[in-house]
Amino acid sequence: AVRPEAPCEFACAAVGGAVGGIICDIDAKTVKGTNHGKDALLGRIIAAAVSLILIAVGTASGNGALTYLTEKMSPVRSAVGLIAFAALCFFGRSTPHRSFTHSALAFGLFTGAVFLFCPPLGLPFAVGFLSHLALDIFNKMPVRLLYPMKKGWSLKLCYAKGTANNVIMAAGLAALAAITAAYIVKFI
C-alpha cells in the first residue's frame, strides 16, 4: 500500500523507512573532535528502537505485523537479499563518508536487496534512503550521487554542528514520536 491503512502496513512502513533513512551512514566513522560518527550511531539506535517498539507493540496487540512480513517472504529470495544487504553494508562501511553509500548506485543495490529480502519493506526503505540523500545535499560536505565519479554536490546550507542541523534533527524526532504515538493509540 502507498499509504498504510492497517497496523501491519504502518509497522512495515515505519521499519522500512527508519532503516532506509539511516543505512546511508553505515560509512560514518567517529572522527575526533566532531559529531560525525556519534550522530550516525544515534540515528542507528533510534531506527532500531522504533523498529523493535513497533514490531513488539504490533505483535502484542495481535495486529499481525510480523506475520504480514514473513508470509510475503520466500526463503531463497530472502536469503539472497539478506546476504546482498550484508555484503553492501560491509563494503559501504569501508568507503569514505558520503561516497558509495550516498549514491544512486547504492540506492538501487540496497533497495533491490531489501525488495528481495522482504517486499513490503522495499518502498518504505527506498523513501527513507532517498530522504537521507536529499537532506545531505543541504550539508557542506559534497555527496557523491554518481559514485564512482569523484564529483559530489552540496548546497552548503547546513553544518553538522550548526543550528539548522539540530533543528531538522529535533523536528524529525518530534514527528517520529508523534506518528508512533498516533499509531499506538489508533491501532491498539
Taken to the nearest 0.5 Å, the spacing of I23 CD1 from T111 OG1 works out to 11.0 Å
Looking at every heavy atom in both A106 and S103, which two are closest together, and how far apart are they? N-OG, 3.0 Å
Going from CD1 on I26 to OG1 on T95, what distance comes out if it is rounded to the nearest 0.5 angstrom? 10.0 Å
Kindly say whether F117 contributes a backbone atom to a donor-acceptor pair with the side chain of S78 at under 3.5 angstrom? yes
Show the nearest heavy-atom pair for residues P96 and S99, with the distance to one decimal. O-OG, 2.5 Å
F107 vs L145, side chain to side chain contact (heavy atoms under 4.5 Å, CB included): CA-CA, chis, key distance, verdict: CA-CA 9 Å; F107 168 74; L145 293 172; over 6 Å; no
Answer yes if V80 and I83 sit in the same cluster of Ile, Leu, Val, Met, Phe, Trp and Tyr residues linked by side chain heavy atoms under 4.5 Å apart, and no otherwise. no
R77 side chain vs L116 backbone, donor-acceptor pair below 3.5 Å: yes
Using side chain to side chain contact (heavy atoms under 4.5 Å, CB included) as the criterion, list what pairs up with L88, not counting sequence neighbours. F100, L109, F110, A113
Does any part of the side chain of T101, heavy atoms only, come nearer than 4.5 Å to the side chain of F91, both counted from C-beta? no
Would a 4.5 Å heavy-atom cut-off, applied to side chains only, mark K151 and R144 as touching? no
Name each donor-acceptor pair under 3.5 Å that joins a side chain in residues 119-138 to protein atoms two or more places apart or in another chain, with its distance.
| unit_1 | atom_1 | unit_2 | atom_2 | d |
| --- | --- | --- | --- | --- |
| S131 | OG | V127 | O | 3.4 |
| S131 | OG | G128 | O | 2.8 |
| H132 | ND1 | G21 | O | 2.7 |
| H132 | NE2 | D25 | OD1 | 3.4 |
| H132 | NE2 | H102 | NE2 | 3.3 |
| H132 | NE2 | D136 | OD2 | 3.0 |
| D136 | OD1 | R98 | NH2 | 3.4 |
| D136 | OD2 | R98 | NE | 3.2 |
| D136 | OD2 | H102 | NE2 | 2.9 |

Distance in Å, C89 SG paired with F85 CZ, rounded so as to fall on 0.5 Å steps: 4.0 Å
Scanning both residues in full, the closest heavy-atom pair of S154 with P142 reads CB-CA, 3.7 Å
